[in-house]
Amino acid sequence: MDTEKPPTIHLRNYKPPAHLIETVSLDVKLHATDTRVRSTLAIVPNPKSSIKNAPLVLDGENLTLHSVAIDGDRLPSSSYAVTPTSLTIKATPRKPFRLDMETGLSPKDNTELSGLYLSNGIYCTQCEAEGFRRITYFLDRPDVMSRFTVRLEADRAEAPVLLANGNPKTEGDVPGTNRHFAVWDDPFPKPAYLFAMVGGDLAVATDSFTTRSGRKVELRVYVEPGKEDRCAWAMESIKSSMAWDETAFGREYDLDIFMVVAVSMFNMGAMENKGLNVFNDKYVLAKPDSATDLDYINIEAIIAHEYFHNWTGNRITCRDWFQLCLKEGLTVFRDQEFSSDMRSRAVKRIQDVRTLRAQQFPEDAGPLAHPVRPASYIEINNFYTATVYEKGAEVVRMMKTLLGAETFRRAMDLYFDRHDGEAATIEQFVACMEDASGKSLKQFFRWYEQSGTPEVTMRGKWNAKAKTFDLTLSQKLAPTPGQAKKEPMHIPLAIGLVGPNGHDMQLDIAGTDISGEPVIELKEKTKTFRFRNVGSRPVPSINRGFSAPIKLRTDLAQKDLLFLMGSDSDSFNRWEAGQTIARGLIGDAIKKLKSGRGIAEPKAYAAALRQTLSDDRLDPQFLSLMLTLPTEQDVAGEMARNVDPALVHRAREKIRARLGEALDGDLTRIWRTTKVAGAYAPDPDSSGKRALRHAALGLIAASDAKRGAKLAFDHFLSATNMTDTIGALSVLTQLDVPQRDEALEQFLAANGKDHLLVDKWFALNAQLPFPEAPRRVRDLLDHPQFSWQSPNRLRSLIGSFATLNPVGFHAEDGAGYRLLADVVIRLDRSNPQVAARLAGSFKSYKSLEAGRRTLARKALKSILKTEPLSRDTYEIVSRSIA
Ligand code: PHE
Ligand code: ZN
C-alpha cells in the first residue's frame, strides 16, 4: 500500500444513518466519456438516529461534481467539501429538504465494472455492493431505502433500448436531436445497491407469466443482436421460477414487467436488481451446440436465484453488509430447493455437498476463514464467499431440519409478513424461526458467528443382551483466525439404524421424540444416545442427506461402509459411504507411493460399485456420481497438513486406473448403452446418461490411455451437441496424447467467434495436469483471444488453472504461484475485485508441504509489496499471510 493500511469496518460499530432519502429522481444522459447525472433527493432527518444536526456526508467515487443545490438554492463551494470518496454538506436544514446535484462520469474508462460501464458497447450498471456511489453522490448503504424514478436519455442509434428498474412510464424523442428518452418508475423503496439501468442496441425475446392472483407479467430477455436464438431456456427458467416460488413459498411477483439483460463483461454471475436482473451472459445464453448440460443446469439455477431475491433480498433487504447471508444464504437455499424439485433431489444434494467440500471447507480451514456473518471487513466485495453463500444456505437448511418442513414454512411466512419493506438482520430472521416454532435457537446462532468446520466423531456399541445401541458423539471445532476458543455447536443429525436386512429399524430413544424423519440434536461436547429395542446389530447411518455441514469420523468398518453403499435408504449416505471408502483408498495409495510400493486393485469397492451399476432402477446421474472419486481438494483437506498436491493427484489417478481395470466390462457396457438418441434436450434423464457415459469414459482412459484417447477423439469428432464435445475434450485434456492438441486446435478453429466457447477453450487448456502447465498458461496470456478486460476470460484461464489444476498450479518450482502473483499484480490496476478473487486461490497454501508453502508465501509477499495495491487485494493477501 502506498499510504497507510485501509481501515477495518466492524459490525459492532453499526449506527443508523443520520438522514434518510425518501425519493430519488434521476435524469441520466448517457455518453461514453461524459455521462451526466442530475439527481434530486428528498432528504429527511432519520427519526431513529441519535445524532442530531449531523452534516450530510454522501458517498461518491470517480465523479465530477458540477453543481449542488438545497431547496433550489445553489450552494457556494464554501458550503461543501469534496474528497475522492465523499461529498460533505456542512449545514443542512433540520427538516425535510430537497438536494439537487449534477455530476459527470466516464463509463468508457470504468475498467472495474462497478457503477456505470460499457460492456461491448452496451451501457450497464453494477451497484452491489457499493457501486451506486460511482454513478452519483448518495447515502450508499442498504438501510437507506428510497423510491426511484429514472429518466434515461441517449443517442437513438447508439442506445435504441433504454431500461431501468420498475415499470415503464413514458418514452419518446428529444425534439430537434437524434436523441431519445425513456422514463421508468419503481414503486418499491429499495437500497441503492439494487438500482440498475441499461442502454444499448439489444435484441429481445418476450413472453408472459400470469401470477396465481391473475396478474399478467411481461417477461423480457435482452441479449446482443444475433443471440436471440439462445434465450429460450432462460425464458423457460424464469417461468418455472415464478411458478415455484408461488407454490413453495407463497411468493408472487410484484411488478408489471420482469427483465433479464445478458452482458458479456460482468464481475460475478448475475445481479438481482429490482425488476431488471443483469446477467453474465454465460448464465443466459444456451443452445444445444453452444452450451453443455452443466450450462443448462447453471442457467436454470442462477435465473431462479436472482428471481428469488425479489423477496429474499429486495422486498426484505439487509440492514448492513454484515448481514449479507440474510439474503445470500437464504436465497441459495431457495435455489437449491428449486433445483431439487425440478430435477433429482438426491443428485442435487450430492452435487451441492461436493461444491461445499471443494470450496467452502478449504476456506473454513485456511487463513481466509470467516463466520457466515463476518464481524469485520476491509472490503465487502471480498465477502461474497462460499462461506456466506454455501455455508449460509446450510445454516438455513439446518433450521428447516430442526423445525420440520411445515413449521419452517410458517416461520418463513412470518418473516415475510413481519419484515416486508424493511432492511433486516440475522437476529430478526432467526427470531421468526424461534417465534414460529417455540424452539430456542440461541446456541444454534453460533453457526453464524463461529467459523471453521466442526468435526464430529461417532462410536457405536450394540449390546445384544440388553438390546440397546449406544451412539456416542463428540464434537470439536479447531481454532480459526481471530477465534482461538470455540463453544459447542447445536448440530442436527438425521439418522437411521440399518438392520441386517438392509431396512431401517424403528427408532426408540428414551425421552426423545423421533417420529417422522428421525433427527438427533448434538449440543454437548460429547453425548451418548441410547436406542432401545435393537434386536440385531445395526449399522448406523448418520448425518443423512448431509443434515449438518460437518466432518464426520465414524468407527464403521469397511464392510459396514460397503453395506451402506449398497443398501442405505438414504441415497446421500449411499454415495457418502462410497466416498469415505474412496478417500481411504486414496490415502493408502499416497502412503504406498511415498514408500515406492504398488497399489492393489480395490476389489471390494469395485465389487460394490459393480453391483450399484447393475441396478437399473438407479438414476444415471446418481450412478455417474457414484463413479466419481472425491476431488483432490477434498483429499488434501482431509490430510490437513504437509500436502503434496502432485502426490495426491498421482494417488487418485492410480485408484482411478485400478478401478477402470476392475470395472472394465461394466464401463464398456455403459459406454455402449448410454448413447442418447434423438434431438438434444437438457432433461434429467438424457443429461444423466451423458454424465454417466463421460464418467465411464474417464475411467476407461485412466486405466488405458490409448484406448481412452481413441474413444474420446472419435466421440469428439462425432459429437452433435456441446455436452458431448466438452465431455470428450475433458477426458483428452487429462491425457498426454497427440489427439489432445489436435482436438483443442479443431475446437478453436470451429468456435473461435463464439466468446463463450473461446472461454471454454481457455479453461480446458488451463487444466492440463502437467508440471509444464504454468508455462502453457503464461504463453496463453499472449494469445490474440486473451483479454485482460474480460472477467470470464480471466477466470477461464487463470481461475481454472489455480483451482482446477492442482498439479500445474502447485508445480514444484513455484512457477504456478509466480504466474498467479504476476497476474494479480497486473490485474489489480484495472479490476481489483477480480484480482482479489483470483488471489484467494492461495487460500489453502498453509496446508502445503514446506517447500511449496515457502514458495507460495513468497509469491503472496510479492503481491503485498506492490504499490499501489487496492483494498480488495490488500485484504485478501494480508489475511492470507498473517
Ligand atoms: N448479489 C448477486 C447474487 O448473488 C451477486 C453479486 C454480488 C453480483 C456483487 C454482483 C456484485 O445474486
Ligand atoms: Zn444472490
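Only heavy atoms go into these numbers, but all of them, side chains included; no hydrogens, no water, no symmetry mates. Both counts, for ligands and for their atoms, begin at 1 and track the order of listing.
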| message | Less than 3.5 Å apart, any donor N or O on the side chain of N310 or K274 sitting next to an acceptor on the other? | response | yes
| Pairing residues for T355 by the side chain to side chain contact (heavy atoms under 4.5 Å, CB included) criterion, not counting sequence neighbours | Q359
| said: Before we go on, tell me: are the rings of F258 and F209 under 6.0 Å apart, centre to centre? | reply: no
| task | Report the name of the N/O/S atom of H305 located nearest to the Zn ion (ligand 2). | result | NE2
| query | Hey, are the side chains of V24 and T149 touching, using non-hydrogen atoms and a 4.5 Å cut-off? | reply | no
| task | May I ask you to check whether E328 brings an N, O or S atom to under 2.8 Å from the Zn ion (ligand 2)? | result | yes
| request: Decide yes or no for E337 and M342: does some side-chain heavy atom of the first lie under 4.5 Å from some side-chain heavy atom of the second? | output: no
| Every residue of the protein that comes under 4.0 Å of ligand 1, judged on heavy atoms | Q126, E128, M268, A270, M271, E272, H305, E306, H309, K327, E328, Y384, Y389
| With the Zn ion (ligand 2) as the point of reference, which N/O/S atom of H309 is the closest? | NE2
| message | Angle between ring planes, F546 versus F361, binned at 30° and 60°: parallel, tilted or perpendicular? | response | tilted
| For R251 and E246, what are the C-alpha separation, side-chain angles and deciding distance, and is it a salt bridge (charged side-chain N to carboxylate O under 4.0 Å, His left out)? | CA-CA 5 Å; R251 298 294 118 195; E246 292 186 353; over 6 Å; no
